[in-house]
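Structure, as structure tokens:
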Amino acid sequence: ITIEPGVQYNYVYDDDEYMIQEEEWDRDLLLDPAWEKQQRKTFTAWCNSHLRKAGTQIENIEEDFRNGLKLMLLLEVISGERLPKPDRGKMRFHKIANVNKALDYIASKGVKLVSIGAEEIVDGNVKMTLGMIWTIILRFAIQDISVEETSAKEGLLLWCQRKTAPYRNVNIQNFHTSWKDGLGLCALIHRHRPDLIDYSKLNKDDPIGNINLAMEIAEKHLDIPKMLDAEGERKIVFTNLCKVSVLFTYCVLQAETAANRICKVLAVNQENERLMEEYERLASELLEWIRRTIPWLENRTPEKTMQAMQKKLEDFRDYRRKHKPPKVQEKCQLEINFNTLQTKLRISNRPAFMPSEGKMVSDIAGAWQRLEQAEKGYEEWLLNEIRRLERVEHLAEKFRQKASTHETWAYGKEQILLQKDYESASLTEVRALLRKHEAFESDLAAHQDRVEQIAAIAQELNELDYHDAVNVNDRCQKICDQWDRLGTLTQKRREALERTEKLLETIDQLHLEFAKRAAPFNNWMEGAMEDLQDMFIVHSIEEIQSLITAHEQFKATLPEADGERQSIMAIQNEVEKVIQSYNIRISSSNPYSTVTMDELRAKWDKVKQLVPIRDQSLQEELARQHANERLRRQFAAQANAIGPWIQNKMEEIARSSIQITGALEDQMNQLKQYEHNIINYKNNIDKLEGDHQLIQEALVFDNKHTNYTMEHIRVGWEVLLTTIARTINEVETQILTRDAKGITQEQMNEFRASFNHFDRRKNGLMDHEDFRACLISMGYDLGEAEFARIMTLVDPNGQGTVTFQSFIDFMTRETADTDTAEQVIASFRILASDKPYILAEELRRELPPDQAQYCIKRMPAYSGPGSVPGALDYTAFSSALYGESDL
């Protein structure tokens with residue numbers, strides 16, 4: 001911190017509020033001897049409070065610091081650091097050197113001294129000496145104070161505010177004016193030592209008495225030097241109070257800090273003693289429990305009964321589950337407490353804790369290890385004794401269980417092996433019995449180990465002199481005898497099953513052969529019956545001829561099929577012969593086939609009956625197809641003539657519509673002639689319709705003799721009628737447009753030539769790009785906006801094409817003189833004698849009756865200036881005629 005100079009001392013310190021106030025007050029007292037005397041007394045008291053720690057003090061502040069020795073000593077006491085060794089000479093340069101060492105040390109702490117030199121101090125300059133001491137106080141006594149990260153004096157002020165907050169008439173805002181009534185100093189003492197001052201009896205109006213009381217009590221009871229004498233001049237006392245309040249507050253804070261430190265040290269010491277006592281108590285209790293438990297675990301006296309040994313085991317388990325776990329926790333907690341205590345002692349610079357003899361952690365660990373060894377040996381002994389007592393009973397129980405299991409398994413097995421169920425079984429059943437017998441043999445072999453185990457257990461029980469050995473031996477003998485009988489019966493049953501299997505395999509092979517041949521032959525006969533009875537649908541002579549040829553090929557295969565039938569019947573006869581020869585009690589039915597000989601015979605007879613019936617049906621269909629062929633040829637002859645005729649007429653009409661020579665009236669006459677010829681041709685269409693009806697009734701759906709169908713002819717005829725009518729209408733419209741717009745025949749021909757040139761598809765339509773090219777060729781300068789406007793006129797529905805009629809309408813509007821709404825309005829204004837309205841009488845007078853009535857009916861009433869009853873608005877009417885407004 002940089003300390004700036006005050007006015008009276010020319011040294012540097014912080015520019016705090018209370019120092020600014022002090023500067024203003026001290027300015028008037030710079031040369032006041034009384035004030036200087038009070039400063040000497042205050043600073044001398046403060047310096048002596050520190051120098052007494054080193055066994056010395058000063059009497060005269062400007063004289064005793066001149067040689068620099070006590071000044072260096074003061075700095076060492078308040079800083080706790082060693083300064084350079086002082087010069088012990090008494091000459092002036094020795095004194096200056098010592099003072100410079102002190103000033104250099106002050107400067108090394110970041111304090112900037114202004115106008116304070118060693119010579120002034122050596123010469124006994126009072127103001128410089130007092131300024132230097134105040135600088136030391138600010139830097140070494142106050143600067144290091146910190147409360148909630150505030151600066152030194154701010155922190156000291158905050159501490160004072162907190163300590164004096166509960167006291168009446170005390171409001172500490174600075175270190176000058178807030179202390180002048182002395183109540184702040186008394187409040188600090190009362191807060192620190194309530195027994196020294198009766199704060200309730202203090203008078204705010206007696207500042208001198210309050211200050212003297214605070215200084216005297218602080219010096220007498222709190223070891224704070226009396227830094228202010230309130231008996232001097234009142235103004236000097238209050239002026240010097242600034243520095244005194246700072247120093248006094250600092251001393252009180254030091255006293256409180258020292259008390260807090262002692263309390264903290266004592267609290268730590270008390271906690272450590274409590275932990276030591278707790279450790280001693282827990283260690284004693286744990287060692288006593290171990291001492292009582294080890295003899296119980298070392299007792300190895302065996303019991304005679306299993307129940308008694310089980311009781312000991314239960315007691316041991318209770319020990320492990322209930323009694324030992326809490327002790328484990330106590331031992332762990334004891335070690336934790338010991339380590340925590342040693343850590344706390346080490347941190348607080350206390351000597352390590354040494355437990356009583358025999359209660360060290362190592363002693364407890366050794367006792368616990370002996371407990372665990374005894375516990376382990378005791379548990380092993382218990383288990384060995386229990387296993388020893390369990391052994392004999394376990395063998396006896398094991399024998400009973402194995403014997404019971406074997407007897408349960410063997411029950412009824414002899415009766416099963418004596419059965420002759422294979423004599424009436426099929427091959428599949430015999431094979432199943434053989435597989436089942438093989439499984440039994442595997443099961444029998446698996447039980448060989450159990451029988452051997454039963455015999456071995458019985459032998460061991462005899463060796464252990466089991467009390468019920470007689471019954472065990474008798475039961476074991478019965479099991480062994482039954483085992484030998486089961487082995488003999490098993491071998492006999494296998495031989496019988498294998499012999500029966502071979503005999504049935506012969507029959508099975510015959511059945512399989514029958515099934516392999518009967519199934520295809522049966523399918524062939526079923527397919528043949530389906531084909532012979534199948535309803536055929538043909539549409540040509542070639543198709544029916546193909547069916548007749550296939551039927552003839554089928555009849556050629558019948559002798560071979562009859563030979564296969566006889567071979568299949570021979571196989572079945574062989575099966576029946578084998579069954580009768582060996583007197584086998586099984587059915588002769590075939591397990592591989594559901595087809596019987598009776599079914600084969602019945603189906604063969606059915607095939608022979610259906611063959612001639614199929615012959616007759618095919619011949620009848622052949623005659624019908626010849627008749628249908630005649631109808632096809634008759635229809636094709638007419639359709640092949642009508643179709644090209646219609647096409648030719650369409651082409652002639654198309655050519656006439658694009659020709660540009662001759663007058664429109666001549667084109668109209670030519671088209672009328674075409675129309676007449678088309679109407680006269682209608683009889684040929686009607687005759688073709690009759691032939692088509694006959695073909696449909698005969699269910700003839702195709703005709704290879706013509707590409708024309710009746711639908712083609714109908715559509716073509718309808719298109720022809722529509723085309724001639726539309727073409728005639730177009731010509732009539734052109735004539736009407738020409739006459740109405742005053743267009744010459746040459747202009748119409750030119751329009752037609754332009755349209756035909758840009759009609760690339762020759763379908764009477766131009767797309768938008770063709771239409772744009774046509775307009776450009778005719779001299780139009782088109783922008784996008786203008787072309788879009790024209791397209792709304794010629795293609796209002798947005799179909800993407802322009803017809804010839806739309807083209808003509810557009811061209812006539814562009815080339816002919818047309819009336820406008822303005823022209824019509826001007827004409828009506830003439831009839832109305834320049835009035836903005838017209839009357840019905842004027843219309844009837846000037847126009848024909850029907851046109852006058854048309855206008856009267858549609859004209860809206862006039863409501864503008866100068867309106868009269870019956871006035872009609874001809875302006876709105878004229879605008880509506882040209883689509884410029886709505887009526």
Side-chain angles (χ1 to χ4, degrees), residues 535-548 616-659 662 664-735 759 761-765 803-805:
M535 293 183 64
F536 49 83
I537 298 176
V538 295
H539 301 92
S540 65
I541 295 175
E542 290 79 6
E543 291 179 2
I544 191 61
Q545 286 288 2
S546 176
L547 291 177
I548 292 173
Q616 181 180 355
S617 298
L618 291 173
Q619 292 301 321
E620 291 175 353
E621 181 62 25
L622 179 62
R624 192 174 72 83
Q625 288 300 324
H626 281 294
N628 290 344
E629 183 65 17
R630 287 192 295 272
L631 290 175
R632 289 190 187 93
R633 292 180 181 277
Q634 181 177 338
F635 177 85
Q638 296 184 70
N640 289 337
I642 293 173
W645 185 86
I646 293 174
Q647 184 65 30
N648 292 334
K649 292 301 177 185
M650 291 287 292
E651 293 174 357
E652 291 176 3
I653 294 171
R655 283 195 300 272
S656 68
S657 65
I658 64 175
Q659 289 177 353
L664 292 176
E665 286 77 2
D666 296 339
Q667 293 183 26
M668 177 62 72
N669 293 334
Q670 185 179 7
L671 291 173
K672 290 290 185 181
Q673 184 61 40
Y674 285 154
E675 184 181 28
H676 178 73
N677 293 339
I678 291 170
I679 293 173
N680 290 337
Y681 199 77
K682 181 68 167 57
N683 292 332
N684 295 319
I685 302 299
D686 295 340
K687 184 176 183 305
L688 188 63
E689 286 282 3
D691 292 342
H692 178 67
Q693 182 176 355
L694 293 176
I695 287 178
Q696 285 185 328
E697 292 174 354
L699 299 179
V700 177
F701 301 107
D702 62 336
N703 193 340
K704 65 181 179 179
H705 303 296
T706 181
N707 293 327
Y708 294 100
T709 64
M710 193 65 226
E711 185 63 24
H712 291 156
I713 299 298
R714 289 193 193 105
V715 172
W717 179 253
E718 292 171 358
V719 171
L720 179 61
L721 293 176
T722 303
T723 301
I724 187 63
R726 184 175 64 249
T727 306
I728 291 173
N729 178 260
E730 289 178 356
V731 174
E732 289 176 346
T733 302
Q734 293 174 23
I735 293 172
D759 180 13
R761 298 179 180 82
K762 304 305 178 186
N763 59 352
L765 299 171
T803 64
F804 179 69
Q805 186 59 43

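No experiment lies behind these values; they were computed from the predicted model shown.
Rounded to the nearest 0.5 Å, atoms CG (Asn703) and CD1 (Ile695) are 6.0 Å apart. We find the CG-OH distance between Leu688 and Tyr708 to be 12.0 Å, quoted to the nearest 0.5 Å. The distance from the CD1 atom of Ile678 to the CD atom of Glu675 is 7.5 Å, given to the nearest 0.5 Å. Once rounded to the nearest 0.5 Å, the distance linking CD1 of Ile728 with CD of Gln670 reads 11.0 Å.
Considering every non-hydrogen atom in both His712 and Asn707, the closest pair reads ND1-O, 3.6 Å. Closest approach of Lys649 to Leu720, counting heavy atoms only: CB-CD1, 3.7 Å. Shown here for Leu622 and Ile541, the closest heavy-atom pair between the two residues is CD1-CG2, 4.2 Å. Between Ile724 and Leu671, the closest heavy-atom pair is CD1-O, 3.6 Å. Taking every heavy atom of both residues into account, Thr706 and Ala639 meet most closely at OG1-CB, 4.1 Å.
Using a distance-only test at 3.5 Å, with no hydrogens or angles considered, a donor-acceptor pair links the side chain of Asn648 to the main chain of Pro644. No donor-acceptor distance shorter than 3.5 angstrom exists from the side chain of Arg632 to the backbone of Lys704, with no hydrogens or angles considered. Between the side chain of Thr727 and the backbone N or O of Thr723 there is at least one donor-acceptor pair closer than 3.5 Å.
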Is there a side chain to side chain contact (heavy atoms under 4.5 Å, CB included) between Glu689 and Ile713 once you walk through the steps? CA-CA 10 Å; Glu689 286 282 3; Ile713 299 298; over 6 Å; no
Under the criterion side chain to side chain contact (heavy atoms under 4.5 Å, CB included), I'd like the reasoning laid out for Tyr681 against Ile642: C-alpha separation, chi angles, the key distance, then a yes or no. CA-CA 9 Å; Tyr681 199 77; Ile642 293 173; 3.6 Å; yes
I would like to know whether Leu547 and Glu543 meet side chain to side chain contact (heavy atoms under 4.5 Å, CB included); could you show each step before the answer? CA-CA 7 Å; Leu547 291 177; Glu543 291 179 2; 6.0 Å; no
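Under the 4.5 Å side-chain criterion, counting only non-hydrogen atoms from C-beta, Glu651 is in contact with Gln647. Between Asn683 and Lys687 there is no side-chain heavy-atom pair separated by less than 4.5 Å. The closest side-chain heavy-atom distance from Ile685 to Arg714 is not below 4.5 Å. Under the 4.5 Å side-chain criterion, counting only non-hydrogen atoms from C-beta, Trp717 is not in contact with Asn684. Here the side chains of Gln673 and Asn677 are in contact, with some heavy-atom distance below 4.5 Å. The shortest distance between side-chain heavy atoms of Glu629 and His705 falls below 4.5 Å. Between Asn628 and Gln625, the closest side-chain pair of non-hydrogen atoms falls below 4.5 Å.
Between His692 and Phe635, the angle of the ring planes lies from 30° to 60°, which puts this pair in the tilted group.
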